[in-house]
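Data first, discussion second: the structure below is written as structure tokens.
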Amino acid sequence: MQEKIKQFKNEIKEKIENVGSGDMLESLRIEYVGKKGKITETLRQIGSLPIEERKTVGKELNILKKNFEEALKDKKAELSVTTKKPATDFDYTLPGLSKRIGHLHPITQTIQEISAIFVRLGFEVVAGREIETEKYNFTALNIPLDHSSRDAFDTYYTNDGNLLRSQTSTVQVRIMESRKPPLSIIAPGKVYRPDTVDANHSFMFHQIEGLMVDRSISFSDLKGILHLFLKEYFGAQSKMRFRPHFFPFTEPSVEVDVSCFKCKGKGCSTCSHQGWLEVLGAGSVDPHVFEAAGYTAHKYQGLAFGLGIERMCMLKNGIHDIRLFFENNLKFLNQF
Ligand code: PHE
């Protein structure tokens, strides 16, 4: 009998270790402690044992039974942890939620594209201020008090007499006051004008100013730089033309047109059948501006130009309404 108990013990230990499911556990229980189980049967046979053996064998068998039942319980708990069914019907194989990755605004992209071209031509990118004084927006740029753009209704003034700059040309005198020539800079940024908003106008838009100053800078430098820029931006076949114009801070001044990149100058809806697109204002720096910056007037020569970022982006991408840039409409923005 002792031998049998020992054998049960070893068997049970090994079998419990190998149990991998609830069903296996249940059949193991039945095998030993079910109605006709091995331990149950053996317990029944105790009565036929000699009286002195009954007590010890009975005790040992009962301990074995108790330990076995406890081991079953432990195993059950262990199995329930590893094979527990999920609390919901969540499908772990479904693809996850992907995060949408943003991108730069088309205006920022255009600023970067244009800046990169001028940087390759040796220009340095500098920052200007959006809130300016009358000096940098007007007086130092040779714009007299009675000039119509100084009208209170043509510019945003703050209560303390400052204003939101109406052009990036403000950077010209600021940079010349802080540095000595030679200098060649571009300054991208926002400008503000009290324009009524429509497809081509906005109270805020972006410009890039360019300024180059040295002892001998000629009008042909201006032509060369701008033609190179326009060919880079609109395509190698682009032609350029200068039309006489007036700006108070450049003399002579020009408006610059580029041949229509769509129709190659033949005339189409992009260029209103003109064959040319007006893209920027430019000229040689007026000696009055050098004086305002504290430079000796005829010691230096310079060229300056200014262009509108929105217009450049609209022309190149066939965008017909400037308001699209500022409405945060992802259907529009995601195309860039
Ligand atoms: N500041 C001018 C404008 O806003 C553009 C310009 C810049 C013209 C520099 C000449 C030289 O229209």
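Nothing fancy with the numbering, it's 1 onward along the sequence. Indexing begins at 1, ligand by ligand and atom by atom, following the structure's order.
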Q) Looking at ligand 1, does R193 have a heavy atom less than 4.0 Å from it? A) yes
**Q.** Shortest protein heavy-atom distance from atom 5 (C) of ligand 1, along with the residue and atom involved
**A.** G306 CA, 4.1 Å
(Q) I need the contact type for F305 against ligand 1. Using non-hydrogen atoms and a strict under-4.0 Å cut-off, is it side chain, backbone, both or neither? (A) backbone
Q) Nearest to atom 12 (O) of ligand 1, what protein heavy atom do you find, and at what distance? A) F247 CE2, 3.9 Å
Q | For Q167, the ligand 1 atoms whose distance to one of its heavy atoms is below 4.0 Å | A | 1 (N), 2 (C), 4 (O)
Q) Quick one: are the ring centres of F229 and F234 less than 6.0 Å apart? A) no
Q. Just wondering, do R215 and K299 contact through their side chains at under 4.5 Å, heavy atoms?
A. yes
Q. At under 4.0 Å between heavy atoms, which part of A282 makes contact with ligand 1: side chain, backbone, both or neither?
A. backbone
(Q) Do V254 and F247 land in one hydrophobic cluster if side-chain heavy atoms of ILVMFWY residues count as linked below 4.5 Å? (A) no
Q.
If we check side-chain contact (heavy atoms from CB on, under 4.5 Å) with L163, which of these qualifies: Y192, F138, Y156?
A. F138
Q: Could you find the nearest protein heavy atom to atom 9 (C) of ligand 1 and give me its residue, atom name and distance?
A: E209 OE2, 3.3 Å
Q) Hey, which atoms in ligand 1 end up nearer than 4.0 Å to a heavy atom of S169? A) 1 (N), 7 (C)
Q: Take K76 and E26 through the test salt bridge (charged side-chain N to carboxylate O under 4.0 Å, His left out) and record every step on the way to the result.
A: CA-CA 10 Å; K76 198 173 170 186; E26 179 59 9; over 6 Å; no
Q. Does the cation-pi check pass for K223 over F242, that is, NZ or CZ under 6.0 Å from the six-membered ring centre and within 45° of its axis?
A. yes
Q. When you look for heavy atoms under 4.0 Å from ligand 1, do you find them on the side chain of R165, its backbone, both, or neither?
A. neither
Q) Any N or O on Q172 sitting closer than 3.5 Å to an N or O of ligand 1? A) no
Q: Measure up the F332 and F325 rings against each other and bin them: parallel (under 30°), tilted (30 to 60°), perpendicular (over 60°).
A: perpendicular
